[in-house]
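Since we're looking at a predicted model, the values are computed, not measured. Lettering of chains follows the sequences in order, A, B, ..., and the numbering in each one begins at 1.
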There are 2 protein chains.
Amino acid sequence: MANEHESAKPHRITISTVAAALGVAVSTVSNAYNRPDQLSAELRERVLAVAAELGYPGPNPVARSLRQQRAGAVGVLFAERLPYAFRDPAALMVLEGIASTLEQAKLGLLLVPGRDDDTTTVQQALVDGFIVYSMMDTDPLVEAALKRRLPTVLLDQPPRPDVPSIIVDDEAGARMATEHLLSLGHRHFAIITDRLIETHVRPSHAPINVQTHSEATFFVTQLRLQGYRQPLEQAGIAWSDVPIYDCNDNNEADGAAAIQILLARTPRPTAILCLTDRLALGAITGAQQAGYNVPEQLSIVGFDDIPQATRITPALTTIRQDHRQKGLSAGQALIELLAGQSPTSYQRLAVELVVRDSTAAI
Amino acid sequence: MANEHESAKPHRITISTVAAALGVAVSTVSNAYNRPDQLSAELRERVLAVAAELGYPGPNPVARSLRQQRAGAVGVLFAERLPYAFRDPAALMVLEGIASTLEQAKLGLLLVPGRDDDTTTVQQALVDGFIVYSMMDTDPLVEAALKRRLPTVLLDQPPRPDVPSIIVDDEAGARMATEHLLSLGHRHFAIITDRLIETHVRPSHAPINVQTHSEATFFVTQLRLQGYRQPLEQAGIAWSDVPIYDCNDNNEADGAAAIQILLARTPRPTAILCLTDRLALGAITGAQQAGYNVPEQLSIVGFDDIPQATRITPALTTIRQDHRQKGLSAGQALIELLAGQSPTSYQRLAVELVVRDSTAAI
DNA sequence: CGTTTTTTCTGTAACGTTTCAGAAGTATAG
DNA sequence: CTATACTTCTGAAACGTTACAGAAAAAACG
């Protein structure tokens, strides 16, 4: 019965509700939360007590963000469909690296959803900057992110002027893989890739021919294909003679399906270059199920060196890249950008050939 | 030389910069972005053109959020250290489920970092609600999240009044695992758990005794231990005779280390109950390395049924739970909450015993 | 006791939008 | 030609903070 003269009950309790209840200025309440040294300990106690009593949830973060011009979070643009982010082992290591640096800087990590036909989520993301990772080169979401004019770092994307980029030397890696197989005496190659052409325009599941390659819409895919191509041609193998099978998705099942088709061709390939380890793992099991011995009859090399590469039998020969470091570098670059520094605008990370048991001389 | 009379250059371009440049009201510019039907197409074109020319990045999302009272994102509180989120296969499936529902609702997923000695990240997270998942029962971050008074869903947490909870029937699952082993004739049990006691208070790596169990600070840990205990005691096995080894972390290496210690005890256990599949996988390889045959000499059962459980030899007997569904349910519940509906406040998901090859009669 | 310094508290102007009632102008109906 | 209804645009009031300059009170100084 004490406070029933409060006829107009403000459903939303704000800093001024608390201030009014105490008969004190709003700035004092604000200070109680943010600048304890600006008011007496006694009053601060009182403010906090009344706030708790009224159920005041503390200063509204959005209002604070508006005032302070910072959101305390970084947006990560990755993959067309958000849930896939959690399936790809290589991507996860990258995300882990990003998360590590952001955590140290006390920044949140906002996974931004968004189909390419609706960029509003990107436009409205409450973030201080973006990391763009492994998006299709032409994805409108990337444009939308850049249009925000926030500090942004590109990772595994085609570099742009004025935007720091971190890329991996995918082309060199692909070259190493190819040269390794060539040095083992292989002459009949095939390639398994994924999402080289957008799914809805891909006519069939037959290996595609060389002309269509130019449609490659993922930067790293282009780099890797380029890296395969050069040593092959140098060895006198026509690029147009190399069948390329384009999977719908980067996973083991698609890799296993691909290898079946490729092994049915004449001449039968003896060396398979896979754009990712997941495809390679699928190719190994697919080949084994079809009765082929790896590596005796068929050499397979992957790309990424994910943890599972060592667990399969035969262990996968592949190109190692430091996924975690990729994430760390991207996060670090963005944090420097946010601090007003200008990071080295272009970082290229090295790769390394790891020879295991899935490749052998012919 | 056209616009050099603009002496005061506003470094920050806002909606009113654009409005001033056009000699038009700010609300008109706002409408150009948000309510195309509220102004003539011709003027809208002009607004957008001038905006582009000035480099206006579009309406500031934070200001918009303040006005509209929504952030368009959901905070996920998970694990003490953010990067670990990307390592645990079970957790990833849960996150995938959460991400799926949020994506459909066009909501971002904010991973909130935060050590328990600093809750500011939680207090300042720009979100419309929280999902709290697998946090230590006493973690101050959970308190901080609840204090925000936003719609919140608890997942694998001790239920609280007024907060919708989604839990898994961990206790029943643990009972099933135990009964399975008992029915195979086992009498000498041991348990491998993780983080039963906070790392810094744990005295040594010896198996801990029964009294300390009450300190269990993870809700699901408590449930599972309880589920192990009951059928054992019912079978006349004293709980205090069951050694429990507490690992530092939920991973294979710790599981492998644990099994070494446990196998050295007298009487040597013939049945190992592992709180998670990762620990169980480690226990299997650890036991094999120590020269024991699984399941002939040692039966091991896990919990979670992660994908890797089928890939190991022998394939792991375990308790299956639908991780993805957990995430979906949590996301769905939160979305309903955000829409002002009240979801069923308490959901309990079922589990299932999956018998594979890591358990056998004694 | 008058000055200066320090402590404690206040008022107000941003921060950049959206919303909404309504003004002004233009088309439609009777 | 007047009354009515649209269209198109405007102005001002929120949204909930924080920063900053300064007022008032208290403490320290000479």
Does the ring centre of B:Tyr33 sit less than 6.0 Å away from the ring centre of B:Tyr56?
yes
From the options C:dG11, D:dC9, D:dT18, select the nucleotide whose nearest atom is closest to the side chain of B:Leu43.
D:dC9
To the nearest Å, how far apart are A:Asn60 CG and D:dA14 P?
17 Å
Between D:dG16, C:dG16, C:dT18, which nucleotide has the shortest distance from any of its atoms to the side chain of B:Thr14?
C:dG16
Of the candidate nucleotides D:dC9, C:dT18, C:dC9, which contains the atom at the shortest distance from the side chain of B:Val26?
C:dT18
Side chain of A:Ser40 (C-beta onward), nearest among D:dT17, C:dC9, C:dT19:
C:dC9
Checking contacts here: which listed nucleotide (D:dT18, C:dT10, D:dG16) is nearest the side-chain heavy atoms of A:Asn31?
C:dT10
If you compare every side-chain N and O of A:Gln68 against the phosphate oxygens of D:dA19 (OP1, OP2), does one of them come in below 4.0 Å?
yes
OP1 or OP2 of C:dT18 sitting under 4.0 Å from any side-chain N/O of B:Ser30?
yes
Distance check needed: C:dT7 P versus A:Arg35 CZ, whole Å only.
16 Å
By nearest atom, which of the nucleotides C:dG11, D:dG16, C:dT8 is closest to the A:Ala25 side chain?
C:dG11
A:Gln123 atom CD is separated from C:dT17 atom P, nearest whole Å, by 13 Å
Rounded to whole angstroms, how far apart are CZ on A:Arg148 and P on C:dG16?
13 Å
Residue B:Leu39, side-chain heavy atoms: nucleotide from D:dC15, C:dC15, D:dC9 that is nearest
D:dC9
Got a donor-acceptor pair under 3.5 Å from the side chain of A:Arg67 to the base of D:dT18?
yes
Nucleotide C:dT18, atom P - distance to CZ of B:Arg70 in whole Å:
13 Å
Would you please say whether a donor-acceptor pair under 3.5 Å links the side chains of B:Gln124 and B:Thr120?
no
State, without any angle test, whether A:Glu96 and A:Ser100 hold a side-chain donor-acceptor pair at a distance under 3.5 Å.
no
Could you state the atom-to-atom distance from CD of A:Gln38 to C1' of D:dA23 in whole Å?
14 Å
Within the structure, does a side-chain N or O atom of A:Asn34 lie under 4.0 Å from either OP1 or OP2 of D:dT18?
yes
Assign B:Val24 to base, sugar-phosphate, or nothing according to its heavy-atom contacts below 4.0 angstrom with the strands shown.
sugar-phosphate
At under 4.0 Å, does any side-chain N or O of A:Thr28 touch on OP1 or OP2 of C:dT10?
yes
Within the 4.0 Å heavy-atom criterion, would you say B:Tyr33 contacts the bases, only the backbone, or no part of the nucleic acid?
nothing
Using heavy atoms to find the nearest nucleotide of DNA chain D for A:Val62 and B:Asp37 separately, return the residue whose nucleotide is more 5′.
B:Asp37
When the distance from CG of B:Leu66 to C1' of D:dT18 is rounded to whole Å, what number comes out?
13 Å
Of C:dT17, C:dC9, D:dT10, the nucleotide closest to the side chain of B:Ala63 is C:dT17
Does any N or O donor sit under 3.5 Å from an N or O acceptor when you compare the side chain of A:Arg64 with the base of D:dT17?
no
Honestly, is B:Arg148 close enough over B:Phe130, meaning NZ or CZ under 6.0 Å from the six-membered ring centre and within 45° of the axis?
no
Under 4.0 Å between a side-chain N/O of B:Ser27 and OP1 or OP2 of C:dT18, yes or no?
no
Smallest separation among heavy atoms of B:Ser329 and B:Leu349, with atom names
OG-CD2, 4.4 Å
Considering only heavy atoms from C-beta outward, does the side chain of B:Pro151 approach that of B:Leu334 to under 4.5 Å?
yes
Heavy atoms from C-beta onward define the side chain here; which of C:dT10, C:dG16, C:dT17 lies closest to that of A:Gln69?
C:dG16
